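Sequence lines set the chain letters: A, B, ... in the order given, protein chains first and strands last, and positions in each chain run from 1. The model shown is predicted, which means the values in this text are computed figures rather than measured ones.
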Amino acid sequence: MSFCVLLLIVIIISMVYFVASKGVANFVNGEVKVSEFLFGTKWSPEADTPSYGAFPFISGSFLVTLLAALIASPLSICAALFMTEIVPGWGKKLLQPVIELLSGIPSVVYGFVGLSVIVPFLRDTLPGQGIGVAAGALVLSVMILPTITSVAADALASLPQNLKESSFALGATRWQTISRVILPTTFPAIMTGVVLGMARAFGEALAVQMVIGNAPFVPHSLFESASTLTSVITLGMGNTTMGSPQNNALWSMALVLMLMTFVFVLLVRMLERRNKI
Amino acid sequence: MQFKKSWIMALALTSVLALSACGNGNNGGNKAASNSGGNTPAATNTESSSGAKLSGSILASGSTALQPLVEQVAEKFMDANAGVDIQVQGGGSGTGLTQVSEKQVDIGNSDVFAEEKLKDAAKAAELVDHQVAVVAIAAVSNPKAGVDSLTKQQLVDIFTGKITNWKDVGGADQAIQIINRPASSGTRATFESFALGTKTEDLKGSIQEDSSGTVKKMIGETPGAIGYLALSYLDDSVKTLSYDGVEPSVDNVVAGKYPVWAYEHMYTNGEPNETVKAFLDYFLTDEVQTGDVVELGYIPASKMQVSRDVAGTVTPK
């Protein structure tokens, strides 16, 4: 058993080392400055004087992730409340399989549905060409819905029964009980679900890449073409040769993604600690 | 105890799988090399052209544009030579060139000359080029744009953002939406070098998609869209635009009249061994060139009446 754990630790450390060593290569050999990479807004790796500013992608990743969380969280929390508090019987029987089904759909299907349904809809109803940040955030919000819902539902279901009963005994209505007792007590656990959902949204590549447009600019509107870290990595990795500055810049973006994953894990840990009370 | 055992079994299984997947490239290469080495005396005795027994395995990786052709030809070649095992992987031209130059694969497929991608000129010089097919690329627009021919200058103005409405090039009053390929794409490099004659920067609001299928779908559906596709992808859902009045047809490409085309390369590291050479020679036979190559929408390299070098200079053959 201890051998397995040891092997796992070695594998994880070597993965982190691999991404980190390739990710810092450009900074170490002086090809790109860290500040230029993180805050530069001009990405033109194929130009005669190439520039490797990744800010448009970093901001794009954060933008779609936050938007997706904003859209998905209220829906997921409502669905979880519906399943556990309002109609625990048939509500749960109906919703649970639907939500589990959502999490099993491959992301290329989400991307294609986004391209065939959401993009034409946005193009016909709103300004722009349909492709852009809004389409990416909408597709992502559906993808992270199951994560947030199931974590929130688990948290609500594990709430001690006597807490609710005391609230009802004091004469509180169901709405008062939900808004004043249930939601505040389970808040850290629900937030764990939101953070896990955001972590998934931040790392999702294929579905977003298909609908976001991938222009390397900071978008000025939600209906404008933009890029995320993951979409730029998947578009560029196969077409660049290993060891070229452009390839190394893509690894630097992978490093940013990995560091963000650590941040999300840290957040979940902090929320868990608060949750123990 | 039972629990512990099953864990160790599972772990051992996964690590074996992982290791075999990693080592595949090297193993394949070594096996092919050693096998053909052992067979050389026999082969010289029986004369290889008369169907000497070939054996060994070949691993090819790289360009996704070339992948379907290599896969189909590999199937046929393996049917004819039972001792040969060929695996074809995608990954992109950059991956193919990197892997063949590091000897991880036997053949690296690429849409561009190795000299254009590999930053190390010495490494590029080690590679041997085998041009198996030609791909021509046409500018295409949404059918409602109302234009059927563009000049070089008009294309340059559109892709650099100087012209933003179709009415300025004689079409409908409709804003132009550029659907591009990623900056590192081989198709984009070909279109920029031979249709535009200049590199372009990504424009704000332009759309980039990686796969030709998605590009075609977007151009067909988006009002005012313009982009470019390989001839094999063209159909009625998009409008194919003539270039300086020349229609992008196979005949015009072969005759050297239509300039927007590029070779599909299969690179080997140094001269190929007997098995790999037989496979690459098979590509240039009439059976493949007028059969599979045409069938899959490429243009036979052997039919070209002009040739082009790495600097882009075109000479009649």
Side-chain angles (χ1 to χ4, degrees), chain A residues 1-5 7-8 11 42-48 50-51 56 108 111-112 115-116 119-120 123-124 128-132 205-206 209-221 223-227 231-247 250, chain B residues 3-4 7-8 10-12 15 18 61-64 90-99 101-102 111-112 114 117-120 123-124 175 177-189 192 199-211 214 217-218 221-225:
Chain A
M1 207 63 176
S2 58
F3 168 73
C4 302
V5 175
L7 188 71
L8 202 66
I11 290 173
K42 191 166 158 60
W43 172 260
S44 53
E46 306 273 324
D48 294 329
S51 48
V108 64
F112 194 74
L115 208 55
S116 315
V119 168
R123 182 163 53 220
D124 295 343
Q129 294 288 9
I131 268 192
L206 192 56
Q209 183 212 304
M210 286 168 83
V211 298
I212 199 167
N214 307 308
F217 295 98
V218 181
H220 289 309
S221 107
F223 310 106
E224 205 171 272
S225 172
S227 299
S231 72
V232 175
I233 294 173
T234 46
L235 286 179
M237 202 53 106
N239 288 323
T240 53
T241 47
M242 280 272 180
S244 61
Q246 185 181 358
N247 191 271
L250 295 176
Chain B
F3 172 72
K4 204 170 161 183
W7 257 100
I8 290 172
L11 195 85
S15 50
S61 80
S63 163
T64 44
S93 301
T95 307
L97 288 169
T98 309
Q99 290 189 330
S101 125
E102 286 169 5
D111 305 336
V112 292
K117 276 273 180 198
L118 289 174
K119 56 165 189 169
D120 191 344
K123 276 190 169 174
Q177 172 66 51
I178 298 172
I179 316 257
N180 228 329
R181 296 294 294 271
S184 53
S185 146
T187 307
R188 174 157 166 183
E192 289 184 344
K199 280 197 165 166
T200 59
E201 302 227 326
D202 293 310
L203 297 174
K204 218 170 161 21
S206 72
I207 293 169
Q208 290 179 47
E209 294 289 346
D210 195 29
S211 85
T214 313
K217 186 174 155 68
M218 291 300 308
E221 289 176 358
T222 310

Is there a side-chain contact between A:Met210 and B:Asp210, using heavy atoms and a 4.5 Å cut-off?
no
Counting C-beta onward and ignoring hydrogens, is there a side-chain heavy-atom pair between A:Trp43 and B:Glu201 closer than 4.5 Å?
no
Side chains of A:Arg123 and B:Glu221: closer than 4.5 Å at any heavy-atom pair?
yes
Using non-hydrogen atoms and a 4.5 Å limit, figure out which bit of A:Ser44 sits close to chain B: side chain, backbone, both or neither.
side chain
Spacing of CD belonging to A:Glu224 relative to NZ belonging to B:Lys204, to within rounding of 0.5 Å
4.0 Å
Answer whether the closest heavy-atom distance between the side chains of A:Gln129 and B:Pro223 falls below 4.5 Å.
yes
Going by side chain to side chain contact (heavy atoms under 4.5 Å, CB included), B:Glu209 matches just one of A:Ile131, A:Leu235, A:Val211. Which one?
A:Ile131
Distance in Å, B:Thr214 OG1 paired with A:Gln209 CD, rounded so as to fall on 0.5 Å steps:
8.0 Å
For the atom pair OG1 (B:Thr200) and CD (A:Glu46), what is the distance rounded to the nearest 0.5 Å?
10.5 Å
Largest heavy-atom contact set with chain A, pairs under 4.5 Å, which of B:Gly92, B:Ser63, B:Gly94:
B:Gly94
Separation between CZ (B:Arg181) and CG (A:Asn214), nearest 0.5 Å, reads 12.0 Å
Would you indicate whether the side-chain heavy atoms of B:Gln208 and A:Ser227 approach each other to under 4.5 Å?
no
Residue from A:Gly128, A:Ser116, A:Pro216 scoring the most non-hydrogen pairs under 4.5 Å with chain B is A:Pro216
Counting only N and O atoms by type, is there a donor-acceptor contact under 3.5 Å from the side chain of B:Ser93 to the main-chain atoms of A:Asn239?
no
For A:Ala215 and B:Gly205, which heavy atoms make the closest approach, and how far apart are they?
CB-N, 4.3 Å
Please classify the contact of B:Ile179 with chain A as side chain, backbone, both or neither, using a heavy-atom distance under 4.5 Å.
neither
Please classify the contact between A:Phe223 and chain B as side chain, backbone, both or neither, with a heavy-atom cut-off of under 4.5 Å.
neither
If we ignore hydrogens and angles and just use 3.5 Å, is the side chain of A:Ser225 paired with the main-chain N or O of B:Ser206 as donor and acceptor?
yes
